[in-house]
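Step one of this worksheet: look at the structure below.
First listed ligand is number 1; within each ligand, the first listed atom is number 1. All residue numbers in this chain count up from 1 along the given sequence.
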Amino acid sequence: MSTLINPTTGVELDSSPASASLEDADTAIARAHDAFPAWRDVAPGERARLLRAFAAVIDEHLEELAQLEVLNAGHTIGNARWEAGNVRDCLNYYSAAPERLFGRQIPVAGGTDVTFHEPLGVVGIIVPWNFPMPIAAWGFAPALAAGNTVVLKPAELTPLTAIRIGELALVAGLPEGVLNVIPGKGSVVGERFVTHPLVRKVCFTGSTGVGKQIMAGCADQVKRVTLELGGKSANIVFADTDVAAAAASAPYAVFDNAGQDCCARSRILVQRSAYDEFVGRLQTAVTDFRVLDPADERSEMGPMVSAAQRDTVQRYLDDATVAFTGSAPDGPGWWLPPTVVESTDTSEPVWREEVFGPVVAVMPFDDEDEAVALANDSDYGLSGSIFTTDIGRALRVARRVEAGNLSVNSHSSVRYWTPFGGYKQSGLGRELGPDAPNAFTEEKNVFIAH
Ligand code: NAP
Ligand code: MG
């Protein structure tokens with residue numbers, strides 16, 4: 001394995017886990033397959049109890065997990081605590097699922113017809129580096145609740161919290177082989193999830209390019225696949241709103257996690273009559289945005305995850321006209337300041353492409369139709385925000401924007417109890433919410449003749 005580096009300091013970490021080989025991946029998949037029948041047959045109430053025990057152990061280790069993420073990924077300590085807590089909360093939420101995996105009884109002639117939700121078997125979860133803990137849990141919590149076993153590949157850059165969570169599963173009493181964490185390369189371990197016939201579903205979160213390859217690879221075995229890919233989400237600000245409040249909240253919607261967030265509202269559309277006021281207030285908010293050592297409790301943004309990711313973002317900025325920036329620490333580590341670009345051309349890369357860094361592009365619009373057209377002029381469709389005091393307009397626009405997750409007069413983050421996923425090239429399928437366990441099952445229909 002390539003050595004892990006603390007993104008805040010640029011210094012190598014002590015612990016770099018060994019990178020799994022193809023044989024290691026096959027061994028782990030076989031272990032998960034062997035563990036499946038017994039896990040499937042654990043009584044619903046007992047599986048529920050084990051998931052709650054797992055949640056409790058995560059909670060006992062919340063600070064340890066959070067500190068590990070600060071070290072490995074440069075997340076602010078406040079965010080990292082939320083992320084570890086999100087793993088706990090997902091487990092608690094889906095611990096209710098084993099006892100509620102309801103089928104239906106459907107009226108038929110000459111007999112009784114019932115449906116069952118049966119687990120798939122081994123589920124492969126491929127996790128990116130931007131939210132290592134939550135994205136892992138959004139996959140494994142409902143998958144385990146539905147009676148599947150899991151092989152999980154963390155991103156090469158950020159494996160440490162996933163490895164620890166795998167150990168904590170055993171501490172909580174989950175049987176060996178039920179949740180298997182396999183750190184390794186995407187091209188080796190991740191790819192093996194796609195090609196191995198005993199892996200029955202792949203949940204992938206990451207770039208749209210790799211997602212397309214995974215979908216194509218899964219086609220060979222008609223393997224189930226869920227994709228959570230990129231985004232270029234719009235924050236639409238109408239002039240009738242509280243412009244000061246909209247401008248004050250906009251930086252949090254894009255610069256959180258240094259912009260390395262698939263839901264980042266990285267395009268801001270502002271109605272022309274409010275544009276100058278909005279941009280002026282945005283500049284104040286960006287100047288005040290606290291980019292500090294992520295271990296500092298006051299920090300609102302830390303470094304980028306890697307030198308390579310910082311360089312990728314810097315290349316977008318080299319080609320764009322920057323209006324203003326906030327601040328960032330000097331010295332070592334992969335820092336970039338929050339950066340605002342005023343766009344006039346929708347073909348500019350910084351307007352069209354997922355930059356995945358602390359960069360936002362702002363553009364004026366004239367009316368509702370133009371706002372919707374600009375928002376929808378994207379291959380992506382993950383999330384978005386609408387600021388207006390007109391409830392009719394809020395609902396009209398929310399219905400017309402082609403995106404899976406919209407918030408009105410807010411920038412809601414992902415909630416584990418509501419469905420999450422993208423339109424268009426932002427993904428396929430939905431995660432989270434009350435129906436997520438069903439996505440890890442086959443629906444079986446049984447007719448019993450009278
Ligand atoms: P990526 O290559 O898509 O990586 C995501 C995950 O997929 C990682 O675990 C990666 O493993 C694995 N992977 C890579 N190639 C694979 C393959 N051929 N088969 C199976 N698994 C494979 O993303 P990235 O390179 O880290 O980031 C590039 C860009 O993707 C970012 O700049 C951003 O635009 C986007 N991104 C989006 C999200 C999101 O949440 N939507 C998250 C991360 C990145 P390795 O760690 O070994 O590469
Ligand atoms: Mg990659």
[X]-ligand 1 polar pair, N/O distance under 3.5 Å:
X: Lys185; result: no
X: Ile126; result: no
X: Val127; result: yes
X: Gly190; result: no

For the residue pair [X] and [Y], confirm or rule out a side-chain donor-acceptor distance under 3.5 Å.
X: Arg265; Y: Ser233; result: no
X: Trp138; Y: Asn86; result: yes
X: Asp318; Y: Gln314; result: yes
X: Glu342; Y: Tyr275; result: yes
X: Thr149; Y: His33; result: no

Which bit of Leu229 gets closer than 4.0 Å to ligand 1, counting heavy atoms only: side chain, backbone, both or neither?
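Backbone only.
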
Suppose we measure from [atom] to each protein heavy atom; which comes out shortest, and what is that distance?
atom: atom 7 (O) of ligand 1; answer: Phe204 CE1, 3.1 Å
atom: atom 43 (C) of ligand 1; answer: Pro128 CB, 3.4 Å
atom: atom 17 (C) of ligand 1; answer: Gly186 O, 3.6 Å
atom: atom 15 (N) of ligand 1; answer: Val210 CG1, 3.7 Å
atom: atom 35 (C) of ligand 1; answer: Glu354 OE1, 3.6 Å
atom: atom 28 (C) of ligand 1; answer: Ser207 CB, 4.2 Å
atom: atom 26 (O) of ligand 1; answer: Trp129 NE1, 2.5 Å
atom: atom 31 (C) of ligand 1; answer: Phe356 CD2, 3.7 Å

Compare Thr205, Thr195, Leu152, Val355 and give the one whose heavy atom is closest to atom 5 (C) of ligand 1.
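Selected option, by shortest heavy-atom distance: Thr205.
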
Within the 4.0 Å heavy-atom shell around [X], which atoms of ligand 1 are there?
X: Gly230; answer: 41 (N)
X: Gln213; answer: 18 (N)
X: Glu156; answer: 45 (P), 46 (O), 47 (O)

Can you check whether Tyr423 and Tyr380 have ring centres sitting under 6.0 Å from each other?
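Aromatic pair excluded; centres sit 6.0 Å or further apart.
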
Write out all pairs satisfying salt bridge (charged side-chain N to carboxylate O under 4.0 Å, His left out) with one or both partners inside residues 7-35, taking only residues at least two apart or from two chains.
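Residue pairs passing salt bridge (charged side-chain N to carboxylate O under 4.0 Å, His left out), neighbours aside: Asp26-Arg192.
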
Of all the heavy atoms in Phe131, does at least one lie under 4.0 Å from an atom in ligand 1?
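In this structure, Phe131 fails to qualify as a contact of ligand 1 - no heavy atom is under 4.0 Å.
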
Does ligand 1 have an atom that lies less than 4.0 angstrom from a heavy atom of Gln309?
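For ligand 1, residue contact (heavy atoms, under 4.0 Å) with Gln309 is present.
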
Any donor-acceptor pair under 3.5 Å linking the side chain of Asn180 with the backbone of Gly177?
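Confirmed, Asn180 side chain pairs with Gly177 backbone.
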
Between Asn6 (side chain only) and Thr8 (backbone N and O only), is there a donor and an acceptor less than 3.5 Å apart?
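Indeed, once roles are kept as given, a pair shorter than 3.5 Å links the two residues.
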
Are there over 12 heavy-atom neighbours, none belonging to Glu64, within less than 6.0 Å of that residue's CD?
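More than 12 heavy atoms, drawn from other residues, nucleotides or ligands, come within 6.0 Å of this atom.
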
Between CG on residue Leu198 and CZ on residue Arg200, distance to nearest 0.5 Å
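CZ of Arg200 is found 6.0 Å from CG of Leu198.
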
Using the side-chain contact (heavy atoms from CB on, under 4.5 Å) criterion, which residues pair with Asp345? Sequence neighbours excluded.
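Here the qualifying residues are Ser347, Glu348.
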
